[in-house]
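Following: one structure in structure tokens, then a few remarks.
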Amino acid sequence: MSVDPTGTGGIALRALAGPVRDQWLQIMHDLQPPGTPLRRIPLHISDGRLLGGLDLAATLSAGRPIAERGLLAESHGGIVELAMAERIAAGTAARLTMAFDAGEVVLERDGLAMRSPSRFAIVALDEGVGEDEGLLNALLDRLAFHVDLTAIRVHDAVGCDVGVEEILAARARLPDIQLNDDQIEALCGTALALGIPSLRAAIFAARAACAAAALEDRTEVTDEDLAVAGRLVLAPRATMLPPQEPPPDEPPPPEPEEPEDQEPDQGEDQQEPKELEDRVLEATKAAIPADLLAQLQLGRLQRSRARATGKAGAVQNAPLRGRPAGVLRGEPRAGLRLNVVETLRAAAPWQRLRREEIARLGGTSTRIEIRQDDFRITRFKHRSETTTVFVVDASGSSALHRLAEAKGAVELLLADCYVRRDRVALVAFRGQFAEVLLPPTRSLVRAKRSLASLPGGGGTPLASGIDLGMMLADSVKRRGGTPILILMTDGRANVARDGTGGRARANEDALSAARLVRASEISALVIDTSPRPQQQGRDLATEMGARYLPLPHADATSLSHAVRAVG
């Protein structure tokens with residue numbers, strides 16, 4: 001990365017804070033030429049500090065708008081360290097990648113319009129500890145090197161035998177080094193064979209190969225340089241193994257001898273790029289760990305880590321609490337917080353005009369003139385609390401079939417909700433009506449106790465169960481929470497809303513109640529507890545606008561993923 005920082009984009013460094021990561025960062029800093037800008041971007045950086053904006057102190061002093069450069073413009077020609085990159089906000093990542101792709105920062109705010117060159121490399125410090133914690137794909141795709149230091153201990157760490165002088169010499173040789181068409185085809189074929197969908201991977205591999213050749217004091221890229229690029233750039237991105245060619249059943253027949261005066265076949269020249277690709281591919285496969293190869297062969301590897309969902313409710317605006325999320329024009333009434341800095345920033349460009357206006361009226365003023373239109377209040381955002389409402393069918397048909405397994409599935413979901421710190425509620429329906437066995441609570445013990453004492457038997461008042469679950473979810477929604485409705489039933493309703501029997505009317509009432517859930521825009525999941533998936537359950541989920549999951553195919557993992565998907 002030090003030889004061609006802007007060409008390779010940077011590095012995604014997955015490691016917890018500690019001596020190993022500190023040693024790696026120190027080596028990286030030592031390899032940079034003197035005067036290289038090094039900037040560290042904190043997690044919750046403001047747009048003004050990132051992109052630039054109005055220099056408030058200078059503007060108030062001069063009486064005219066004075067621009068201030070942001071961190072990205074200050075990092076031109078250098079390196080940006082992104083702290084806790086796995087938790088970066090999507091908006092900040094979008095602005096960062098936009099400047100990264102364009103090579104400049106476009107500033108159009110606070111009455112300013114300017115463009116500043118900004119070509120930099122990124123060192124994204126990923127401190128994630130689980131598979132569901134990692135960099136955003138948009139950021140990860142723009143970094144050539146993906147390095148994981150989590151398995152390295154302090155006594156295993158090694159130094160670097162390359163100095164700044166070698167780096168400067170390699171940078172001087174780099175512009176004259178190019179790849180030929182066969183080498184480019186070999187890198188692209190290797191990326192395709194490893195299931196890498198992004199075209200940036202092959203481009204980064206080409207830049208890495210040129211950098212490796214420059215570092216070894218070569219003027220041309222060799223097969224060894226291509227192998228290094230494959231190991232460093234392509235191997236960490238692999239999502240599949242290339243298909244293995246089966247051994248031939250019998251040796252091919254000998255080829256007929258060609259006359260001496262015949263021109264040589266051009267097929268030999270056409271095989272050279274394929275042979276080069278095979279060599280690069282073998283070198284790249286050798287860099288993939290053995291356990292990773294096993295996962296690839298089973299088809300279970302997911303290279304793009306996604307942010308975990310379901311751990312908290314929806315993001316909502318809040319006037320008084322939560323994380324700051326920008327400012328709004330308004331007056332500080334009803335407890336709203338005045339943002340003094342942004343208020344001054346809004347008033348600063350108008351100071352000269354306001355003082356001239358006061359002078360025309362025969363007065364003088366040396367104070368900062370603040371008008372009502374300048375007031376800015378801080379707005380906040382916070383994640384609302386999630387409440388999972390379980391609606392369990394305890395009727396005779398469900399008890400006859402799989403009530404015990406349904407209870408086990410609910411216990412699995414309860415444990416998952418407890419880990420996510422969600423509140424849970426329990427509604428059961430049997431006989432003629434439904435009842436709330438457990439109001440919203442965080443107590444896992446109370447939830448399991450209520451579930452264990454749930455008896456089975458009687459009719460199936462499905463519509464009453466859905467109505468009561470929706471009322472409970474709606475009350476959670478009205479209090480600012482995020483409800484999730486999980487309905488566990490075989491879908492065989494035989495008791496109507498008014499408690500009378502009759503399958504036809506009971507089914508109509510159940511579908512009508514399901515439509516009300518969809519109209520209320522409540523996230524829902526229907527788990528079919530029938531021994532075999534029934535059409536009634538699918539129809540119910542369709543009318544409810546819910547996700548459908550048959551219990552025979554639902555294990556602990558699929559149940560957890562289903563709840564996360566609707567959360």
Side-chain angles (χ1 to χ4, degrees), residues 37 39-76 78 80 83 88-96 98-99 102-118 120 315-382 480:
R39 298 292 185 271
R40 188 177 181 89
I41 297 180
L43 178 61
H44 299 296
I45 187 172
S46 63
D47 290 347
R49 187 66 188 104
L50 181 68
L51 304 175
L54 195 68
D55 189 333
L56 184 57
T59 299
L60 293 176
S61 176
R64 58 184 178 84
I66 304 261
E68 178 186 21
R69 299 180 70 198
L71 279 179
L72 296 184
E74 294 176 358
S75 305
H76 177 58
V80 167
I88 187 175
T92 303
R95 286 179 277 277
L96 181 65
M98 184 181 299
E104 63 177 1
V105 175
V106 180
L107 177 62
E108 294 178 351
R109 54 177 296 181
D110 298 330
L112 302 171
M114 57 183 296
R115 293 175 179 266
S116 303
S118 181
F120 53 87
V315 177
Q316 297 181 349
N317 294 326
L320 301 176
R321 63 186 181 91
R323 288 185 175 179
V327 295
L328 292 174
R329 177 182 296 177
E331 298 181 13
R333 298 180 298 181
L336 299 177
R337 301 182 185 178
L338 177 68
N339 192 310
V340 179
V341 174
E342 292 300 328
T343 299
L344 293 175
R345 192 184 300 275
W350 306 100
Q351 294 305 300
R352 175 177 292 182
L353 294 178
R354 291 174 182 176
R355 290 171 183 172
E356 293 177 355
E357 180 182 352
I358 294 175
R360 285 196 300 269
L361 296 177
T364 59
S365 175
T366 58
R367 302 178 305 173
I368 300 176
E369 296 294 327
I370 305 294
R371 306 290 172 85
Q372 185 176 3
D373 290 342
D374 301 329
F375 288 150
R376 297 293 186 270
I377 57 174
T378 303
R379 63 189 181 104
F380 300 90
K381 284 186 177 182
H382 72 100

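Because the structure is a prediction, the values reported are computed rather than measured.
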Exercise. Would you say Trp350 and Asp373 make side-chain contact, with heavy atoms under 4.5 Å?
Worked result: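 With C-beta onward as the side chain, the pair stays apart.
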Problem set entry | Any Leu50 side-chain heavy atom under 4.5 Å of Thr92 side chain | yes
For this session: For the pair Thr343 (side chain) and Arg376 (backbone), establish whether a donor and an acceptor sit closer than 3.5 Å, ignoring hydrogens and angles.
Result: yes
Who pairs with [X] by side-chain contact (heavy atoms from CB on, under 4.5 Å), at least two apart in sequence or on another chain?
X: Met98; value: none
X: Leu51; value: Leu72, Arg95, Val105
X: Ala347; value: Gln351, Arg354, Ile370, Asp374

Exercise. With Arg39, which residues qualify under salt bridge (Lys or Arg N to Asp or Glu O under 4.0 Å), at least two apart?
Worked result: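 Checked Arg39 against salt bridge (Lys or Arg N to Asp or Glu O under 4.0 Å); matches are Glu74.
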Exercise. Does Glu104 have any salt bridge (Lys or Arg N to Asp or Glu O under 4.0 Å) partners at least two apart in sequence or in another chain, and if so, which?
Worked result: Arg115
Rounded at 0.5 Å granularity, tell me how far [atom1] in [X] sits from [atom2] in [Y].
X: Arg329; Y: Phe375; atom1: CZ; atom2: CZ; value: 12.5 Å
X: Leu71; Y: Arg40; atom1: CG; atom2: CZ; value: 12.0 Å
X: Arg345; Y: Asn339; atom1: CZ; atom2: CG; value: 9.0 Å
X: Arg69; Y: Arg49; atom1: CZ; atom2: CZ; value: 10.5 Å

Problem set entry | Which atom of Ser118 lies closest to which atom of Ala73, heavy atoms considered |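 Scanning both residues, the minimum pair turns out to be OG-N, 4.1 Å.
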Problem set entry | Glu357: side chain to side chain donor-acceptor pair (under 3.5 Å) partners, not counting sequence neighbours |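 Glu357: no side chain to side chain donor-acceptor pair (under 3.5 Å) contacts found.
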